[in-house]
Enquirer: 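Please read through the structure below; I'll follow up with questions.
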Amino acid sequence: MKICIVSSVGGHLEEMNKLLPIISKYDYFYITFKGIGYTKDLRSRLYLVTNPDLRNPKLGIRAFMENLFQILKILKKERPDVIVTSGAGIAFSVCYLAKLLYRSKIIFVETASRFNRPSLIGKALYPIADLFLVQWRGVLKYYGKKAVYGGCLF
Amino acid sequence: MFVLIYVSLGTHERPFYRLVKEIEGLIKEKKIKEKVIIQLGFTDYKVKGAKCYKYLEMKKYEKTLKNTSLIITHSGSGSILTALKLGKPVIAVPRRKAFGEHVNDHQLQIAEEMSKQKGVIAVLDIKNLEDAIKRAKKIKIKKLKAGKPIIFKIIERKLKEWDTF
C-alpha cells in the first residue's frame, strides 16, 4: 500500500511528521513546497511543487496551472492508495485529483491551530474524506457526522 | 534565574522581523542579559548579540530545548505545546497578517486561547515583550502531562484495514 503525505511547509508539515512512526510502516512519499526543516529529517521520496498560493488569484493562475500539471504527473507515476494531510491549500488539488483518477482514500487531520473555528481546507476536503479527524473538540460542531475527535498530535 | 533563552520563528515561509528586532534591541539595552539562541527560519536577519541558526537539527534542537530557561516563540501550536510539555515558560508572539507575517490571524487566536494555560504569556504589542520576560521569571510551571491521544491508534487501525483489501 502506498501513502502520499501532502502538506504545506511549517506547522502542517510538523504535524504530518508526527505521524511518521505509523506511516513509515508503508511505502510513502511527500508532496510539499520548497522550505526548510525537512531535507535531512525526511527519509523518503520528496516532490517539491510550485506553491499555488490560492489566496492570491492574480499571480496565482500561472502557479496554479504549473502546480496542477506537476501534481498530475506525480500522481500518475505514484498512484497512491492513501493521501494523508492537514492542509493547507496544496492538499486541495492533490486530494480531489487522486480521488477522481485513482480512487485514493483520503485521511484529513484538522490542524492543531484550529481550536474553535474550522479551516478552509477542512471544509473543502470534508466531502471526500474517508477519515476526518480533529485535534480539538471545539471544531467538531462545524463538521458533520464523519468528523472524529482524536486529540492533539503534539 | 534564567540562563538561556530560545527564540523560535518556526518554518513558515514569511519573515518575522518584528520579533527579532525587538529582541536585538533588548539585548543591546542590556534588558536581556541571558544567552540567546534564535531559530530564524525564513527571517533573513542576523541578530547582534545572539546565536542565530536558520534551522536546528533534531539533536541540537532537543538539547537546546532541554537547557533553555525560557522559550519565546511565534505563536504556532506546535511550538507552544512543545514548550509546555517540557515544563518551560513560553512567551507566544503571534504573527500578524497586517504586518505580512502570515496569511491570516489564526496565530492571534492560538495565543489568546493558549495563554489561558498557566505558563503561556501572549504578547500582542511587541513593546510588552520586556515585561513578559520579567513575568515569565516568576512563573513556576510543571510539565504538561498529555496521555497519548487516540488519533495515532485511529489512523493506524484505518491504514491496517485498508491494507488488507
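Below, all heavy atoms of this structure are taken into account, side chains as well, without hydrogens, waters or symmetry copies. Each chain gets a letter, A, B and so on, in the order the sequences are listed, and its residues count up from 1.
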Enquirer: What part of Tyr26(A) lies closer than 4.5 angstrom to a heavy atom of chain B: side chain, backbone, both or neither?
Expert: side chain

Enquirer: Evaluate the criterion salt bridge (Lys or Arg N to Asp or Glu O under 4.0 Å) for residue pair Glu130(B) and Lys134(B); output intermediate values, then yes/no.
Expert: CA-CA 7 Å; Glu130(B) 185 190 343; Lys134(B) 285 191 190 138; 3.6 Å; yes

Enquirer: Give the member of Gly76(B), Ser77(B), Ser75(B) that has the highest number of heavy-atom pairs under 4.5 Å with chain A.
Expert: Ser77(B)

Enquirer: Taking the six-membered ring for Trp, are His74(B) and His12(B) closer than 6.0 Å centroid to centroid?
Expert: no

Enquirer: When only pairs under 4.5 Å are counted, which of Ser113(A), Gly151(A), Gly11(A), Ala112(A) shares the most heavy-atom pairs with chain B?
Expert: Ser113(A)

Enquirer: Should Thr32(A) and Leu48(A) count as side-chain neighbours, where that means a heavy-atom distance under 4.5 Å?
Expert: yes

Enquirer: Where on Glu156(B) is there a heavy atom nearer than 4.5 Å to chain A: the side chain, the backbone, both, or neither?
Expert: both

Enquirer: About how many Å separate CG of Asp131(B) and NZ of Lys31(B), when rounded to the nearest 0.5 Å?
Expert: 11.5 Å

Enquirer: Checking Val148(A) against chain B: side chain, backbone, both or neither under 4.5 Å from a heavy atom?
Expert: side chain

Enquirer: Using non-hydrogen atoms and a 4.5 Å limit, figure out which bit of Val84(A) sits close to chain B: side chain, backbone, both or neither.
Expert: neither

Enquirer: Any side-chain heavy atom of Leu70(B) within less than 4.5 Å of one from Tyr6(B)?
Expert: no

Enquirer: With respect to chain A, which residue among Gln109(B), Gln107(B), His106(B), Lys158(B) yields the maximal number of heavy-atom pairs within a distance under 4.5 Å?
Expert: Gln109(B)

Enquirer: Given heavy-atom pairs under 4.5 angstrom as the criterion, report whether the side chain, backbone, both or neither of Leu81(B) touches chain A.
Expert: side chain

Enquirer: Enter the distance from Asp163(B):CG to Lys25(A):NZ here, rounded to the nearest 0.5 Å.
Expert: 11.5 Å

Enquirer: Can you tell which part of Leu153(A) gets under 4.5 Å to a heavy atom of chain B, answering side chain, backbone, both or neither?
Expert: both

